[in-house]
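In what follows, a single structure is set out as structure tokens and then discussed.
Here is how names work: the chains are called A, B, and so on, in the same order as the sequence lines, proteins then strands, and each is numbered from 1.
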There are 2 protein chains.
Amino acid sequence: MLHDPAQLDLMFQALADPARRQMVDRLSRGPASVSQLAEPLAMSLSAVVQHLNVLEASGLVRTEKVGRVRTCQIEPQALRAAENWINERRLAWERRLDRLGDFLAESKDQT
Amino acid sequence: MLHDPAQLDLMFQALADPARRQMVDRLSRGPASVSQLAEPLAMSLSAVVQHLNVLEASGLVRTEKVGRVRTCQIEPQALRAAENWINERRLAWERRLDRLGDFLAESKDQT
DNA sequence: TCAATACTGAAGTAACTGCTTCACTATTGT
DNA sequence: ACAATAGTGAAGCAGTTACTTCAGTATTGA
């Protein structure tokens, strides 16, 4: 479920924009309203809402509306899914390098 | 250097495409030529080269041409940079939750 | 030397992104 | 009740992306 390629597309696409990363960064320090997310960004509120929708569609952020305020939170499981995808490939590469190192060391022993 | 926002844009953008992730996945199992990368993909070689250029510009992949063959390798440091960005935000969030838990536990003690 | 291999580069195109503005709705404080 | 606040939704538009095809250049093996 978390390794669905389409979901990974959405997550990495969401993280590819600096404004959206800034929003995620802000949310990593605690929940915030749409206006609070918008405050440090040099763009219209409408644009911020559109970025927020991208983040929500990707699963990285969850929002809940109470009264007229929409409160946003990070979804750490989604972050972990993206993190894991990268981590698994990097580890595969590094394990491969280790095996290669072992092989070279063994060849050396035998000369 | 590794936390340059523009570089992160390029890396996450690069990872946002399933064909490019498939290429990274292939490379995590060892170096490959352009044709080898192209082989499982249902698109022209030209398209694969374009994807490869995106990966190279992002720093995730390094290539070297010997004779007529261009050999591609993963750049694990770049993978780690993307991984770290996500990890830091997730940990910030989780530390915050922990502190919140401590605070609630303490309040309970005092009643 | 000649054909096959392994790319490379440019041009074209359809779809998608990241904004903008403007008009609008729902909620809240006085 | 009314004004201010908080957000929503649609249309439009410039720029980018993900391909395609086609024509080309090196390199290599027979």
Side-chain angles (χ1 to χ4, degrees), chain A residues 4-27 30-74 82, chain B residues 4-27 30-74 82:
Chain A
D4 174 27
Q7 194 72 10
L8 285 170
D9 285 2
L10 293 174
M11 289 193 294
F12 286 124
Q13 184 71 256
L15 292 173
D17 185 278
R20 286 192 296 259
R21 278 203 311 282
Q22 201 175 328
M23 291 164 77
V24 169
D25 186 52
R26 166 62 188 82
L27 291 175
S33 69
V34 176
S35 311
Q36 285 174 328
L37 285 179
E39 194 264 331
L41 297 171
M43 66 181 68
S44 72
L45 186 61
S46 235
V48 172
V49 170
Q50 286 170 57
H51 280 306
L52 184 56
N53 290 340
V54 171
L55 286 168
E56 200 168 12
S58 78
L60 288 167
V61 165
R62 188 166 43 87
T63 74
E64 194 193 357
K65 193 155 184 175
V66 175
R68 66 186 164 177
V69 178
R70 186 166 160 204
T71 304
C72 311
Q73 281 202 357
I74 266 186
Chain B
D4 174 27
Q7 194 71 10
L8 285 170
D9 284 3
L10 293 175
M11 290 192 294
F12 285 125
Q13 184 71 258
L15 292 173
D17 186 279
R20 286 193 295 259
R21 277 203 310 283
Q22 201 175 327
M23 292 165 75
V24 169
D25 187 52
R26 166 63 188 82
L27 291 176
S33 70
V34 176
S35 310
Q36 286 173 328
L37 285 178
E39 194 264 332
L41 298 171
M43 66 181 69
S44 71
L45 185 61
S46 235
V48 172
V49 170
Q50 287 171 57
H51 281 306
L52 184 56
N53 290 340
V54 171
L55 285 168
E56 201 169 12
S58 78
L60 288 168
V61 166
R62 189 166 44 87
T63 76
E64 194 193 357
K65 193 155 186 175
V66 175
R68 65 185 164 179
V69 178
R70 186 166 159 200
T71 304
C72 311
Q73 280 201 0
I74 266 186

At 4.0 Å (heavy atoms only), tell me whether Ser46(B) reaches a base, stays on the sugar-phosphate, or touches nothing. base
Could you tell me the separation between the CG atom of Leu45(B) and the C1' atom of dA4(C), rounded to a whole number of Å? 15 Å
For dT17(C), does OP1 or OP2 lie under 4.0 Å from any side-chain N or O of His51(A)? no
Write down the distance between CG (Asp17(A)) and P (dC16(C)), rounded to a whole number of angstrom. 18 Å
Taking atom C1' of dT17(D) as reference, at what distance in whole Å does atom CD of Gln13(B) sit? 8 Å
Whole-Å distance separating the CZ atom of Arg70(A) from the C1' atom of dT25(C): 15 Å
Got a donor-acceptor contact below 3.5 angstrom from the Arg20(B) side chain to the Gln13(B) backbone? yes
Rounded to whole Å, CG of Leu15(A) lies from P of dT17(C) at a distance of 15 Å
For Ser44(A), report the nucleic acid contact type (base, sugar-phosphate, nothing); a contact means any heavy atom under 4.0 Å. base
Rounded to whole angstrom units, what separation is found between the CD atom of Gln22(B) and the P atom of dA18(D)? 15 Å
Heavy-atom closest pair (Ala38(A) atom, Val48(A) atom, distance to 0.1 Å) is CB-CG2, 3.7 Å
Quickly work out the Gln36(B) CD to dA6(C) C1' distance and round it to whole Å. 12 Å
Per the atom types in the model, does the base of dT20(C) pair as donor or acceptor with the side chain of Gln50(A) at under 3.5 Å? yes
Would you list the protein and nucleotides 3-5 of chain D atom pairs, both N or O, that sit under 3.5 Å from each other?
unit_1, atom_1, unit_2, atom_2, d
dT5(D), O2, Arg68(A), NH1, 2.6

Is a side-chain donor or acceptor of Gln7(B) paired with a backbone partner of Ser58(B) at a separation under 3.5 angstrom? yes
Side chain of Val49(A) - closest among dT8(D), dC19(C), dC7(C): dT8(D)
Pair Glu56(A), Arg70(A) - check salt bridge (charged side-chain N to carboxylate O under 4.0 Å, His left out), show working. CA-CA 12 Å; Glu56(A) 200 168 12; Arg70(A) 186 166 160 204; 2.8 Å; yes
Leu55(B) and Ala14(B): which non-hydrogen atoms are nearest, and at how many Å? CD2-CB, 4.0 Å
Atom NZ of Lys65(B) and atom P of dT25(D) are separated, to the nearest Å, by 14 Å
Pairing residues for Ala47(B) by the side-chain contact (heavy atoms from CB on, under 4.5 Å) criterion, not counting sequence neighbours: Met43(B), Ser44(B)
Is the backbone N or O of Leu15(A) less than 3.5 Å from a side-chain atom of Arg21(A), with the two atoms forming a donor-acceptor pair by type? yes
